[in-house]
Amino acid sequence: MALRNHSTITEFVLTGLSDDPRIEALLFVLFLVIYLLTMMGNLMMLLVIRADSHLHTPMYYFLSNLSFLDLCFSSVTVPKLLKDLLSEKKTISLEGCLAQVFFVFFSSGTEACLLSVMAYDRYAAICHPLHYGQVMSNQLCVRLVLISWGLASLNAVIIELLAINLDFCDAQTIHHYTCELPSFFPLSCSDISINNSILICSILLHGSGTFLPIIFSYTRIVSTILNITSTTGRSKAFSTCSSHLIAVILFFGLGMLRYLMPSSGSFLDLLSSLQYSVITPMLNPLIYSFKNKEVKGAVKRTLGKYRHYCTG
């Protein structure tokens with residue numbers, strides 16, 4: 001796709017997280033540790049789910065896709081952030097900026113769809129346990145994942161077209177550590193009113209289209225759990241969806257506000273971006289492993305097989 005940008009601006013300057021070299025050094029160590037934990041945690045989830053036949057179920061099929069997506073999502077921004085923390089001049093090319101815009105929307109959009117699909121899976125498991133195997137067939141699971149990736153791709157392409165058609169004049173500084181449209185749009189000398197309207201509509205449609213099914217699913221789940229007479233049964237039913245509920249809260253917490261509220265270049269803007277693009281991909285495998293007995297059991301079995309292989 002050829003760029004239709006008529007400006008002479010070829011690169012932008014990122015303000016980053018700090019301009020103090022000592023603070024940047026500490027932040028580099030912090031985010032390097034976070035990135036390594038993200039890679040190790042999500043790779044571990046992929047390995048364990050693939051290796052353990054007990055986890056070859058729809059829930060863990062979706063979770064493996066989520067882990068793969070978190071690997072991609074974190075890699076869109078964190079490596080560039082680490083590089084800039086060690087650089088005096090933090091620059092990014094126009095093409096690189098547009099690429100980040102696309103992959104941030106693609107990754108976050110797919111994750112929102114997957115979280116919605118996983119909520120439906122929990123609804124089917126808790127509210128219709130006798131028909132769960134028929135409802136969540138292998139074919140349906142594959143179709144739901146493909147639809148999630150497809151819808152997110154379409155949304156990302158639409159958003160990318162909004163950015164490609166902009167002209168840039170003198171302003172070259174992005175008051176952020178990465179290229180995000182709320183910080184990118186104000187730099188344009190084009191009329192961005194229509195672009196902003198389309199962006200907000202796109203976010204609302206995609207956000208409501210993924211979040212409302214989650215609300216519906218959990219409304220039915222809570223209603224079903226409250227009708228369970230056994231305290232043990234209630235606790236067991238709630239434990240099957242508590243990890244997913246925490247992941248939903250973390251992802252949708254500040255992410256939606258970041259794109260619906262005007263960019264101010266404040267610390268809150270940076271915090272919200274870090275929360276859903278850096279912190280959440282690291283926490284997801286921890287949440288699903290610490291709060292899930294099946295995953296913990298699978299990890300022990302996998303490590304046991306590995307030790308037996310090494311000693312045998």
Spell out, as yes or no, whether a donor-acceptor pair under 3.5 Å connects the side chain of His244 to the backbone of Leu115. yes
Are Leu151 and Val248 linked, directly or through intermediate hydrophobic residues, by side-chain heavy-atom contacts shorter than 4.5 Å (ILVMFWY only)? no
Going from CD1 on Ile200 to CG on Asn196, what distance comes out if it is rounded to the nearest 0.5 angstrom? 6.0 Å
Sorted by chain and number, sequence neighbours left out, ring pair (Phe, Tyr, Trp, His ring centres under 6.0 Å) with Tyr35 holds for none
Looking just at side-chain N and O atoms, do Tyr132 and Thr57 make a donor-acceptor pair shorter than 3.5 Å? no
Quick one: are Phe31 and Thr77 in side-chain contact, heavy atoms under 4.5 Å? no
Side-chain donor-acceptor pairs under 3.5 Å in residues 122-131, sequence neighbours left out?
{"unit_1": "Tyr123", "atom_1": "OH", "unit_2": "His128", "atom_2": "NE2", "d": "3.1"}

Do Pro285 and Met40 come within less than 4.5 Å of each other through their side chains, counting heavy atoms only? no
dist Phe103:CZ -> Thr110:OG1 (nearest 0.5 Å) comes out at 11.0 Å
Would Leu71 and Leu32 show up in the same hydrophobic cluster when neighbours are defined by side-chain heavy atoms closer than 4.5 Å? yes
Over all atoms of both residues, closest heavy-atom pair of Asp20 and Ser18: N-OG, 3.1 Å
At their closest point, which heavy atom of Pro281 faces which heavy atom of Asn42, and how far apart are they? O-ND2, 3.0 Å
Tell me whether His56 contacts the main-chain N or O of Arg50 through its side chain, where contact means a donor paired with an acceptor under 3.5 Å. yes
State, yes or no, whether a side-chain contact exists between Met39 and Ser75 at a heavy-atom distance under 4.5 Å. yes
Other residues, nucleotides, ligands: >12 heavy atoms within 6.0 Å of Phe68 CZ: no
How would you list all residue pairs meeting side-chain hydrogen bond (donor to acceptor under 3.5 Å, both in side chains) that involve residues 138-154, not counting sequence neighbours? none
Donor-acceptor contact present, side-chain Asn65 to main-chain Tyr61, <3.5 Å: yes
Are Phe62 and Met136 side-chain neighbours, meaning at least one heavy-atom pair lies under 4.5 Å? yes
What pair of heavy atoms forms the shortest contact from Tyr218 to Cys241, and how long is it? OH-O, 3.2 Å
Tell me, yes or no, whether the heavy-atom count around Ile194 atom CD1, taken from other residues, nucleotides or ligands under 6.0 Å, exceeds 12. no
Is Leu161 reachable from Val104 through a run of I, L, V, M, F, W or Y residues, each pair having side-chain heavy atoms under 4.5 Å apart? yes
Please round to the nearest 0.5 Å and tell me the distance separating atom CG of Leu63 and atom CE of Met45. 4.0 Å
When you compare the side chain of Val78 with that of Ile34, does any pair of heavy atoms fall below 4.5 Å? no
Same hydrophobic cluster for Val142 and Leu69, using side-chain heavy-atom links shorter than 4.5 Å among ILVMFWY? yes
In Å, rounded to the nearest 0.5 Å, how long is the span from CG of Leu81 to NZ of Lys83? 11.5 Å
For the backbone of Phe12 and the side chain of Thr91, can you confirm whether one donor and one acceptor N or O come within less than 3.5 Å of each other? no
Just wondering, do Asp121 and Leu144 contact through their side chains at under 4.5 Å, heavy atoms? no
Tell me, yes or no, whether the heavy-atom count around Asp19 atom CG, taken from other residues, nucleotides or ligands under 6.0 Å, exceeds 12. no
Using only atom types and a distance under 3.5 Å, with no angle test, would you say the side chain of Ser74 pairs donor to acceptor with the backbone of Asp70? no
Phe251 and Ser108 have their tightest heavy-atom pair at CZ-O, 3.2 Å
Give me the atom names and distance for the closest heavy-atom approach of Ser208 to Pro213. O-CD, 3.8 Å
Which distance, rounded to the nearest 0.5 Å, do you find between the CD1 of Ile159 and the CG of Leu98? 13.0 Å
Report yes or no: does Ser87 contribute a side-chain atom to a donor-acceptor pair with the main-chain N or O of Lys90 at less than 3.5 Å? no
Under a 3.5 Å distance rule, please check whether Thr210 uses its side chain to pair with a backbone N or O of Gly207 as donor and acceptor. yes
Do the non-hydrogen side-chain atoms of Phe105 and Leu199 ever get within less than 4.5 Å of each other? yes
Residue pair Val76 / Ser277, side-chain heavy-atom distance below 4.5 Å: no
Which value, rounded to the nearest 0.5 Å, describes the distance between Leu37 atom CG and Leu283 atom CG? 10.0 Å
Is Leu86 reachable from Leu30 through a run of hydrophobic residues whose side-chain heavy atoms are each under 4.5 Å from the next? yes
Shortest non-hydrogen separation from Pro58 to Cys141 and the atoms involved: CB-SG, 3.5 Å
I'd like to know if the side chain of Ser202 pairs up with that of Asn155 as donor and acceptor (distance under 3.5 Å, no hydrogens or angles considered). yes
